[in-house]
Enquirer: 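Supplied in structure tokens, the structure appears directly below.
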Amino acid sequence: MKGTSLAPDSVVLTADEAAQLSDRVYQVRCAAEDLATAVDEGAAADELRQLCDALMVAAKAADGWR
């Protein structure tokens with residue numbers, strides 16, 4: 001862009017959008033940690049499936065910011 005210091009491929013988020021994205025990424029991390037803990041503790045397959053589903057929901061929400 002002429003007259004700006006931003007690179008042409010820059011992405012600009014409002015403070016609110018950045019906070020929402022940060023929250024969604026945090027939810028993905030928490031879901032992944034829950035899944036890892038359950039694996040370490042020998043959780044049953046049905047519990048692991050539920051945790052995988054929760055992780056996928058969180059990941060899809062985080063990916064939806066575009």
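Below, each value reflects all heavy atoms present in this structure, side chains not excepted, and no hydrogens, waters or symmetry copies. All residue numbers refer to positions in the sequence shown, counting from 1.
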Enquirer: If I take atom SG from residue C52 and atom CD from residue E47, how far apart are they, to the nearest 0.5 angstrom?
Expert: 10.5 Å
Enquirer: So which atom in L55 and which in V28 form the shortest heavy-atom distance, rounded to 0.1 Å?
Expert: CD1-O, 3.6 Å
Enquirer: At their closest point, which heavy atom of L21 faces which heavy atom of A62, and how far apart are they?
Expert: CD1-O, 3.9 Å
Enquirer: Going by atom types only, do D16 and Q20 share a side-chain donor-acceptor pair under 3.5 Å?
Expert: yes
Enquirer: Report yes or no: does T37 contribute a side-chain atom to a donor-acceptor pair with the main-chain N or O of E33 at less than 3.5 Å?
Expert: yes
Enquirer: Cluster question for you: counting only ILVMFWY and a side-chain heavy-atom cut-off of under 4.5 Å, with indirect links fine, are M56 and V25 together?
Expert: no
Enquirer: Return the minimal non-hydrogen interatomic distance between L48 and A38, and the atom names on each side.
Expert: CD2-CB, 3.7 Å
